[in-house]
Amino acid sequence: MSIEALPVESRAALSAGAGDLRRQFLRDLVHQKAFMIGATVLGFWVLAAIFGTLVVQDPLAQNLSAINQAPSASHLFGTDQLGRDVLARVIVGSRSILVTAPLATLIGTVLGTVVGLSMGYFRGIVDDILGRFVEAFLALPLVVTGIIGIVALGASDTTLIIVIGIVFTPLIARTVRAAVLVERDLDYVAAARLRGERSLYIMFVEILPNVLAPITVEFTVRLGYAVFTIVTLSFLGFGLQPPTPNWGYDISANVGAVTAGYWWEVLFAAVAVATLVIGVNMLASSIESALDAS
Amino acid sequence: MSTTASPPAPGETQATAADALTLSGVDISYRVRRADQRIVRDVSFRVARGESFGLVGESGCGKSTIALAVVRYLARNGRVSAGRIEIDGRDVLSLDRADLRRLRARTVSMVYQEPGRALNPSILVGRQVAEVYEIAGAPRSEALDRAREILARVRISDPDGVMRRYPHQLSGGMLQRVVIAMALAAEPSLLILDEPTTALDATVEADVLDLILGLRAEFGTSLLFISHNLAVIAKMCDRVGVLYAGELVEEGPASAVFGDPRHPYTVGLLRSIPRRDGGARAPLQTIPGSLPTPGSVAAGCVFAARCGLAQERCRAETPAVHRIEDGCGERGSRCHFSEQAQSLPIHSIVAPDSARIADRAEPLIRARSVSKTFQASGQRVRGLHQVDLEIAAGETVGLVGESGSGKTTLARVLMGLTAPDPGAEVTLDGRPLAPLAGARTAADQKALQIVFQNPDSALNRRHSVRRLISRSLAKLGGYRGEALQARLQALAESVRLPERYLPMRPSQLSGGLKQRVAIARAFAGDPQIVVCDEPTSALDVSVQAAILNLLTDLQHRERVAYLFISHDLGVVRYLADRIVVLYLGRVMEIGPAQSVLDGPHHPYTEALLSAVPTLDDSDRERIRLEGEIPSAADPPAGCPFHTRCPRRIGEICDTTEPEMRVQAPGHEIRCHIPVDDLRRLQSAGGGAPSASAGR
């Protein structure tokens, strides 16, 4: 039986209230546990990235007389092979990732939206040509495409942001295209054409506001992936470059020490990656369900 | 839904004398945002054994909610907060899971509006029907035999063929038959039909309604029939309940309620339907105001705010059900002044001067040999075939036909949303029009505008009403700055859209208000012709009346021509100067409205007219079309209508396509039957071989 068929009445009740959909959306959002947990975790890392250096020791300071020390009162997370404070490196390590991941995702979202809008709106030959590119990109694993791009352009933080942005573009374009295909068949698009609007106006002023919901969801989902991809690339040595503390590189640099029993040198950075990715994903899913509700 | 405290084992002890369904004092609430909204208030009615009870009301009045509550199918946030619901004397609300399941399997069946969604798209139809019998305990092979039997009983001529198909391979009417067959398979004592024919064409609807009437006699099932269509309810039901804002405002035998209504709401509702002979376009009556939001009427009568008869007492004191003793059977009205209900003051906005300005000197728009062929999975589908059409300034042309007849395609071709096949010629004021809107001049674009069927789709939901209308004023009217603001005010006023709605988004408006915004937008550039594509089909009757009045009023003031597309012949009869009848993309008949409607007319027009249930003439002889509109991918040879024509005369119909023949000045018919024969046949009132008497 159909659920959509029933709550005509409850819909009437919905619009009866203040009618401010945005406020309603925010209210739906903060009432979700997942949102509150995700926001807390992300908030913690954002604070750590901004104010971390004020609280912890110097993450670059080497102390060769105190290498590979287990967690203790003076080094809560222990020290690494060069005697650097692991806590400081984990806290300050959030800085680079929280700059690169959102920027890369933003680039991917903007490009993906433009490509997806064009594919969905023009269809036909535009869709066919761009579609082949999208498929070609999607055929390769993200990390492989990323490595090829970084090697070709030379490793730097800027390259990393651009390459990940471009790698994400087809993924986001695919989602936007699907949403646009639904919208372009609605009569408001026909009405716009009948009053002589240009294609660009129809795409960006008429259609775009109506597909913002899936784009927002896609942005947050991709943000989680971006964190993960950057950490992976850094682990492989193609991502964020040392000496700036970063989790992926720290894990790869110290992973050999785990067999020697120095687990703290890897574990805390790994936990940091996990919390950030999970936190962002919780935000993504709570935003998605709040958007579905409104 | 409240769960049971301690179910009194219902077992098989059925009180035989009990009614099929009894509701007493039922309240239904939805929990919305941590607050209970009472959607249905104190509703009581009973459906006697074998009786057909109709629930009628406009959207949002709680019809479907009641139907769902009866079988405890309410959404998770809904519950019956007071009262009792009994089926066959058993308290539905206190049944435990197992008994509820048994009740739904054996005692009650439901049929919904969209048959396509009631069936599983990936399972063969035969399996799905047979499943009903398997649940009842029949072995597989026997279940299939019985499925075949029941499909034959709902008059499916080829049950084996239907059983081997998937739901998407069947037409809407056929699917609804299958769903009805499944509903009847368990031989339920109560069948709930929630708008079962609303999604179907008039011709198919007539057929399905006849089927339900026939089956009801055959099975002796009690019906709870829900519809917004008063005429359908009048045709189908013994008794009727009129719902308004969640309250049953009037209840009684259908003939009494419709013939002699005793609640002002019923009176208003009946007055807002375009009647067969409502005089020469007298403005339709409307009900002022709009439905109150749930829970907003704390005291007094729910209808008081919109009632022309309301007095102090109506606003202070909630009326109880007043029993009416008029010898018409048990009936009641929830009105303090039920005996005065019919003196409800007439409410229509303005009486447009009745003089029509249709100077047919030079056609405004002229379409010649318009064809449109679609390519669908390698097949050529002929959407339109050699259509000729002229519309004069200030005139209204009604375009009718079943779905699939090409009405909307023709509208889209004229608007420039779909390019016609080469060879077509469309001119506006003598100037040729570019096939696509993008290539047309600004003047042509503003001269030709459209009001779409569904305002939810036609209005950008992210833009405010002000923005929607001002953009059209700027693009089409060329207004800027203060002139634009002034014109916006004037335009909003002329479509009677109060200014406080301007900052709102479409989702915050009711259906009627949304359509007013769409109309305002179409009139922003002072158009010469406006295509109205079923502009009222998504609206309630009383709102429809207001929109139709608005359109006639605007026509008188702006001298605009309308191409009015509708499947509702009542509406076309009310509005149109001329009528064009389309079938399979061909014009079958064209002529002055009165002449087309009075006949002699094309047998297809005759069938369309006969299919529409009306409140006026339920004793009319009816003509039923066999089957459904053939596929446009493979149209029949000869006369396209010969496969369904009740007046087919012979070989010639199958082989030769008839030419348009002039029947009277300006009235042409595409039929082989000589006009005099048609006149004789049609004035005799049916009598054709496959015509069957209704009721």
Side-chain angles (χ1 to χ4, degrees), chain A residues 1-28 31 121-122 179 182-213 215-216 290-291 293-294, chain B residues 30 32-33 37 39-40 59-62 64-65 68 73-75 77-78 110 112-114 117-118 194 246 291 293-296 412 415-417 437-438 440 442 445-446 448-450 452-463 471-472 475-476 504-505 507-509 518 521-522 524-525:
Chain A
M1 72 153 291
S2 62
I3 297 303
E4 291 92 320
L6 12 154
V8 178
E9 287 84 352
S10 44
R11 251 185 283 136
L14 276 176
S15 56
D20 193 341
L21 293 172
R22 194 163 304 158
R23 220 180 315 150
Q24 184 50 44
F25 166 71
L26 290 177
R27 214 177 309 156
D28 282 350
H31 279 296
Y121 180 72
F122 292 112
V182 177
E183 292 294 322
R184 64 161 276 150
D185 285 335
L186 295 182
D187 291 334
Y188 72 84
V189 175
R193 251 180 246 152
L194 288 178
R195 57 171 193 265
E197 302 286 7
R198 292 165 198 278
S199 296
L200 276 182
Y201 178 92
I202 298 179
M203 282 159 66
F204 287 95
V205 183
E206 296 279 343
I207 296 181
L208 181 59
N210 288 297
V211 295
L212 278 181
I215 292 176
T216 312
L291 282 172
S294 63
Chain B
Y30 279 109
V32 180
R33 220 147 286 140
Q37 300 266 19
I39 301 299
V40 170
S59 54
C61 69
S64 294
T65 302
L68 292 165
Y73 267 144
L74 284 175
N77 64 337
M110 290 189 83
Y112 296 100
Q113 179 170 345
E114 300 251 357
R117 286 161 61 169
D194 189 354
L291 203 67
T293 53
S296 66
R412 288 180 68 89
M415 296 308 298
L417 291 169
R440 292 184 182 174
Q445 277 171 353
K446 63 183 268 194
L448 205 61
Q449 283 294 313
I450 185 168
F452 290 101
Q453 175 171 13
N454 180 356
D456 288 322
S457 160
L459 302 178
N460 193 328
R461 55 197 186 279
R462 292 280 168 174
H463 292 179
R471 183 72 193 176
S472 285
K475 284 298 281 188
L476 296 172
M504 294 193 182
R505 297 273 177 86
S507 61
Q508 292 166 274
L509 306 183
R521 191 171 63 175

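In what follows, every chain begins at residue 1, and chains take the letters A, B, ... in the order their sequences are listed.
When the options B:Arg521, B:Gln445, B:Met415 are evaluated for a side chain to side chain contact (heavy atoms under 4.5 Å, CB included) with A:Leu194, the one that passes is B:Met415.
The greatest number of non-hydrogen atom pairs below 4.5 Å with chain B, out of A:Glu206, A:Arg193, A:His31, is found for A:Glu206. Chosen from B:Ser472, B:Ala437, B:Ala458, the residue pairing most often with chain A at heavy-atom distances under 4.5 Å is B:Ala458. Counting heavy-atom pairs closer than 4.5 Å to chain A, the top residue among B:Gly438, B:Gly246, B:Ser457 is B:Ser457. In terms of heavy-atom pairs under 4.5 Å with chain A, the best-connected choice from B:Lys475, B:Arg462, B:Arg471 is B:Arg471.
Scanning all heavy atoms of the two residues, the minimum distance from A:Tyr188 to B:Leu459 falls at CB-C, 3.9 Å.
For the residue pair A:Asp187 and B:Asn454, no side-chain donor N or O sits within less than 3.5 Å of a side-chain acceptor on the partner.
Looking at B:His463, its side chain does come within 3.5 Å of a backbone N or O of A:Val205 through a donor-acceptor pair.
Contacts of B:Gln449 with chain A are made by side-chain atoms alone, with heavy-atom separations under 4.5 Å and no backbone atom involved.
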